Amino acid sequence: MTKCRQEVEHVAREFQRYLANTLDIQAELDLHSFRDYSVSLDMESINIRVTLWYSPKRKTSKITFIQSQDPAKEEKIRMAWYGFHHGDHLENGDVHAFVDGSYIDGKVGYGLVILRKGVVLEEMKGVVDSPDYRQHHQVGGELVAAVKFFQWCLKNKISRCTIHYDYEGIQKWGTGAWKANKELTQKYGEYVQKLPLDITWDKVKSHSGNLWNERADRLAKEAIKGE
RNA sequence: UCUAUUGAGGAC
DNA sequence: GTCCTCAATAGA
């Protein structure tokens with residue numbers, strides 16, 4: 001048995017246990033479905049079959065759905081997956097945002113989704129035309145997304161929030177942990193450090209199956225492609 | 001060199 | 001979906 005398969009199986013069995021504990025759903029591992037990096041789980045009671053993909057290099061995993069005609073139940077499992085490897089911190093009273101930026105073909109896009117108690121309050125996306133930002137490629141988009149969220153908090157008289165980001169600089173410049181060498185990153189750091197906001201920082205891995213991170217990613221790309 | 005991210009190309 | 005290479009951005 002390969003090491004990779006052992007790791008796939010380990011994640012699958014943990015998730016299986018999580019489903020039983022939190023949703024009382026019995027999921028069976030389909031032992032014949034083992035492939036290099038994946039295995040399928042059957043939930044007969046709700047007629048859903050998912051495939052779990054494990055990335056040995058990135059040490060991340062995600063799930064995809066097969067032949068499911070029930071979006072509501074699918075969403076339930078998706079949220080369970082989220083809680084499984086991300087904890088339930090989205091459920092506190094904080095306003096949360098997932099931010100992301102992207103750079104395609106010389107265009108910079110940003111996207112963010114704002115939530116409270118797991119419910120989407122607002123989604124934002126757009127392209128950044130200023131050359132001052134565009135020269136920083138995707139980094140410019142990441143910073144704009146974060147600033148859009150902080151501005152939203154001020155506008156809505158929010159005093160504490162949690163920001164989920166995948167690019168290190170969002171926090172490092174925001175808290176001063178990184179020396180800001182560029183004008184843009186300096187401006188960002190000064191702005192964030194003066195905010196009357198109690199900010200909780202949460203680093204998430206890009207493209208790791210995190211529902212909201214991927215939503216923010218799609219928004220940023222949509223903004224560019226929609227132009 | 002390492003980290004994070006964004007893309008392009010290719011392999012299965 | 002997984003793997004590899006190449007280029008860029010921002011840092012340590």
Side-chain angles (χ1 to χ4, degrees), chain A residues 2-12 15 30 33-41 49-68 78 81 85 97-112 125-128 130-147 163-193 201-225 227:
Chain A
T2 67
K3 186 182 171 198
C4 182
R5 181 189 149 148
Q6 278 181 344
E7 289 174 359
V8 172
E9 182 165 351
H10 179 256
V11 176
F15 185 46
D30 180 354
S33 70
F34 270 110
R35 297 256 282 274
D36 286 0
Y37 316 103
S38 70
V39 69
S40 296
L41 290 108
R49 181 178 167 90
V50 304
T51 300
L52 187 153
W53 304 84
Y54 176 72
S55 169
K57 178 118 191 214
R58 303 174 54 97
K59 298 261 191 259
T60 61
S61 46
K62 61 176 83 176
I63 54 169
T64 55
F65 291 82
I66 346 176
Q67 31 172 249
S68 148
R78 199 171 272 128
W81 174 254
H85 69 100
F98 288 76
V99 299
D100 200 16
S102 85
Y103 177 82
I104 301 171
D105 214 30
K107 288 179 181 172
V108 173
Y110 68 87
L112 58 152
K125 63 177 175 182
V127 295
V128 183
S130 149
D132 295 353
Y133 284 84
R134 211 180 311 156
Q135 64 177 313
H136 296 272
H137 290 203
Q138 103 288 70
V139 175
E142 310 266 5
L143 295 181
V144 169
V147 169
I163 183 166
H164 309 258
Y165 57 92
D166 58 25
Y167 179 60
E168 277 185 314
I170 297 292
Q171 171 178 28
K172 297 291 174 74
W173 291 311
T175 59
W178 269 0
K179 182 176 59 162
N181 295 327
K182 310 282 182 177
E183 204 178 314
L184 181 76
T185 56
Q186 285 162 5
K187 268 171 49 192
Y188 171 79
E190 285 166 24
Y191 171 75
V192 173
Q193 283 158 44
W201 306 90
D202 179 42
K203 168 79 177 68
V204 302
K205 218 169 186 62
S206 180
H207 311 126
S208 65
N210 183 312
L211 178 64
W212 299 117
N213 175 59
E214 277 171 17
R215 178 64 189 148
D217 178 57
R218 279 199 303 276
L219 287 167
K221 287 179 170 135
E222 274 171 31
I224 293 171
K225 289 173 179 165
E227 281 261 304

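Numbered from 1 within each chain, the chains take letters A, B, ... in sequence-line order. Please read all numbers here as calculations on a predicted model, not as lab measurements.
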Please determine if a side-chain N or O atom of A:K205 lies less than 4.0 Å away from the OP1 or OP2 oxygen of B:rA4. yes
Can you tell me the distance, in whole Å, between the CG atom of A:N210 and the P atom of B:rU5? 12 Å
Measure from OH on A:Y54 to P on C:dT2 and round the result to the nearest Å. 11 Å
Among the nucleotides C:dG1, B:rA4, B:rU6, whichever has the atom closest to the side chain of A:E168 is B:rA4
Rounding to an integer number of Å, can you tell me how far A:I170 CD1 sits from C:dA10 P? 14 Å
May I have the step-by-step check of side chain to side chain contact (heavy atoms under 4.5 Å, CB included) for A:W201 and A:I170, ending in yes or no? CA-CA 9 Å; A:W201 306 90; A:I170 297 292; 3.9 Å; yes
Side-chain donor-acceptor contact under 3.5 Å, A:T51 with A:S40: yes
Hey, does A:S206 reach any base, or is it just sugar-phosphate, or nothing, if we go heavy atoms under 4.0 Å? sugar-phosphate
Between atom CG in A:L52 and atom P in C:dG1, what is the gap in whole Å? 13 Å
Phosphate contact (C:dG11 OP1 or OP2) by A:N181 side-chain N/O below 4.0 Å: yes
Any A:S38 side-chain nitrogen or oxygen under 4.0 Å from OP1 or OP2 of C:dT2: no
If you check every side-chain atom of A:D100, which of B:rU6, C:dT9, C:dA10 has the closest atom? B:rU6
Looking at A:K203, I'd like to know whether one of its side-chain N or O atoms comes within less than 4.0 Å of OP1 or OP2 on B:rU5. yes
Want to settle it: does A:W178 or A:H207 sit nearer the 5' end of DNA chain C, counting the closest nucleotide to each? A:H207
Measure from the side-chain heavy atoms of A:S55 and tell me the nearest of B:rU6, C:dA10, C:dT2. C:dT2
Which pair of heavy atoms, one from A:K221 and one from A:S102, lies closest together, and at what distance? CG-OG, 3.8 Å
Answer with base, sugar-phosphate or nothing: what part of the nucleic acid does A:G101 contact at a heavy-atom distance below 4.0 Å? sugar-phosphate
A:D217 CG to B:rU6 C1', in whole Å, measures 10 Å
Mind checking whether A:W173 and A:Y167 have parallel, tilted or perpendicular rings, split at 30° and 60°? tilted
Starting at atom NZ of A:K182, determine the distance to atom P of C:dG11, rounded to an integer number of angstrom. 6 Å
NA contact type, A:T51, heavy-atom cut-off 4.0 Å: base, sugar-phosphate, or nothing? nothing
Per the side chain to side chain donor-acceptor pair (under 3.5 Å) rule, which among A:D100, A:N213, A:D202 passes with A:H164? A:D202
Going through the distances and angles, do A:L52 and A:W81 end up as a side chain to side chain contact (heavy atoms under 4.5 Å, CB included)? CA-CA 10 Å; A:L52 187 153; A:W81 174 254; 3.9 Å; yes
Output the rounded distance in Å from CZ (A:R134) to P (C:dA8). 19 Å
Per atom distances to the A:Y167 side chain, the nearest of B:rA4, C:dG1, B:rU6 is B:rA4
From C:dA12, C:dT9, C:dC3, pick the nucleotide closest to the side chain of A:H137? C:dT9
For nucleotides 8-12 of chain B, tabulate all protein N/O to nucleotide N/O atom pairs closer than 3.5 Å, reporting atom names and distance.
none

Using nucleotides 4-6 of chain C, report all nitrogen or oxygen pairs with the protein that are shorter than 3.5 Å.
residue: C:dC4; atom: OP1; partner: A:K57; partner atom: NZ; Å: 3.4

Is any side-chain nitrogen or oxygen of A:H136 closer than 4.0 Å to OP1 or OP2 of C:dA10? yes
Nearest whole angstrom, please: distance from the C1' of B:rU6 to the CD1 of A:I224. 10 Å
Quick check: on RNA chain B, is the nucleotide nearest A:K221 upstream (toward 5') of the one nearest A:G169, or the reverse? Name the residue that is more 5'. A:G169
Over-ring placement of A:R5 relative to A:F34, 6.0 Å and 45° cut-offs: yes
Side-chain-base donor-acceptor pair under 3.5 Å for A:Q138 and B:rU5: yes
